[in-house]
Amino acid sequence: DVPSSQPLVGQDTTVKVMGYSYPRDDFTNVTSKILAKVGCNLHNQAHHPLWLVKERIKAHFYRAYIMRSGNPLFSVHDNLSPVVTTEQNFDSLLIPPDHPSRKRGDNYYLNRSTMLRAHTSAHQRELVCSGLDAFLLAGDVYRRDEIDASHYPVFHQMEGVRLFSNHELFAKVSSGEDLSLFESGGHRTPQKQETHTLEAVKLVEFDLKQTLDRMVRHLFGEELEIRWVECYFPFTHPSFEMEVRFQEDWLEVLGCGVMEQELVHSAGASNKIGWAFGLGLERLAMVLYGIPDIRLFWSQDDRFLKQFCLPSINDPVTFQPLSKYPPLINDISFWLPAEGYTENDFYDLVRSIGGDLVEKVTLVDQFTHPKCRCLIRRGLQGTDKINADPVVMKERLARRKSRTQKHSHCYRITYRHMERTLTQEEVRVLHASIEHTAEQELGVKGRY
Ligand code: FA5
Ligand code: MG
């Protein structure tokens, strides 16, 4: 397991988030830079591009899906706290205890049982439990990740869920009253879950894809090219991703599928079948407005924000990219500790110190010390060689190699300010601080 490595808020034994204190333990890995983003709620900031995309999606659902009472079918929730239990983020979604998505290296834990949500799906069960049949849910989500133009440790998702009763699903089908949602003794196939009938699943899948297709056409217009790709989530089956054509390539914008019946059942809606989707608001905004870098969403620069101040949310935005200031590039190399090092520890540390001045960090070289190999060879030429059994020798070599071989990593850090030119001196100070802190907190040894 990785050692706790982050520069944290003082020596406190608790983590404070939005007025609550959570006791630290060996799982705590949230950094103060990340905690500073909690509560920003960019998706609720009027005229912010993420707010604008959220409002346009809301408006579309409010208008396109109306109940007989005249009220909108979908309710919208955008103020749920991002602090959730691991039960909400994983267990409630049938994610098994040993699933790789739970890794400490990929999530921000407040402690063993509490974390910053890694997806808005963390709230699916509680909202279904509360009796809702159709809802949208927008919020900030947190993931430890690499750093580049399309990855940031905080981004925003919108979740959608719709449940159907037997009557609702089959109402439009002729002799629909003879059809059922469920069957017993069925099998799980690539098309459906064991308890669902094929006709129910096909209708739910059609409704899901049609709903999402209409939504993206509402945002982007009819010309947008989209495609469906089959995929896997532990909480839906069958599952799909939607990709849209962007800059001559396919970009994944959402994941979705037919909700696992066990989840629907545990939320107290066992007589219903449903679909769910989760989309990335940044991804949609980047395509919609041609925003080239995900860090821009955090910009306070008026030249950026002003461009989205429109009288109506449906007015077109013609985004003018801000002029780019020159980058400064600096490498850092160090020997890794014998164990307990993960790349995400370093990425987090760089973010903690460099903040948004860091545009990109890439692992450019991995290296194993040649001298260590020589030592091994020399060792084997001595007494070990006499009567050498090749199997024993091989084992001994492997054992010694793992003891003596030193590994090093070289990372390239690209520094760039969005709003002015950085000076060499500024970057030198930052870079030195990253070197120093990495030695202190990650147990690495600089090779400068
Ligand atoms: C999920 O998070 C699932 N919870 C989605 C889901 C919901 C599936 C309901 C089924 C039912 P995924 O990790 O693929 O899946 O993220 C969903 C979307 O969030 C992606 O398609 C993408 O648009 C966006 N996204 C994911 N990672 C990032 C990132 N690092 N930066 C920006 N956007 C991201
Ligand atoms: Mg995905």
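In what follows, residues are counted from 1 in the order of the sequence shown. Both counts, for ligands and for their atoms, begin at 1 and track the order of listing.
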Option from Leu203, Thr195, Leu169, Thr197 for which side chain to side chain contact (heavy atoms under 4.5 Å, CB included) with Ile273 holds: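 Of all the options given, the one that passes is Leu169.
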Run the ring-centre check on [X] versus [Y] and record whether the distance is less than 6.0 Å.
X	Y	value
Phe235	His119	yes
Phe164	Phe170	no
Phe346	Tyr341	no
Tyr109	Phe27	yes
Tyr152	Trp298	yes

Hey, are Asp348 and Lys33 close enough for a salt bridge, meaning a charged N less than 4.0 Å from a carboxylate O?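 Salt bridge: no.
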Can you list every protein residue that has a heavy atom under 4.0 Å from any atom of ligand 1, sorted by chain and residue number? His119, Ser121, Gln124, Arg143, Asp145, Ser150, His151, Phe155, Gln157, Glu159, Phe233, Phe235, Thr236, Glu252, Val253, Leu254, Gly255, Cys256, Ala276, Phe277, Gly278, Gly280, Arg283, Ile294
So what's near the Mg ion (ligand 2), protein N, O or S atoms under 2.8 Å? Glu252 OE2
Just say parallel, tilted or perpendicular for the rings of Phe61 and Phe74, cut-offs at 30° and 60°.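 If you compare the ring of Phe61 with that of Phe74, the planes turn out perpendicular.
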Cation-pi, Phe240 ring and Lys209 (6.0 angstrom, 45 degrees):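 Output yes; distance and angle both within limits.
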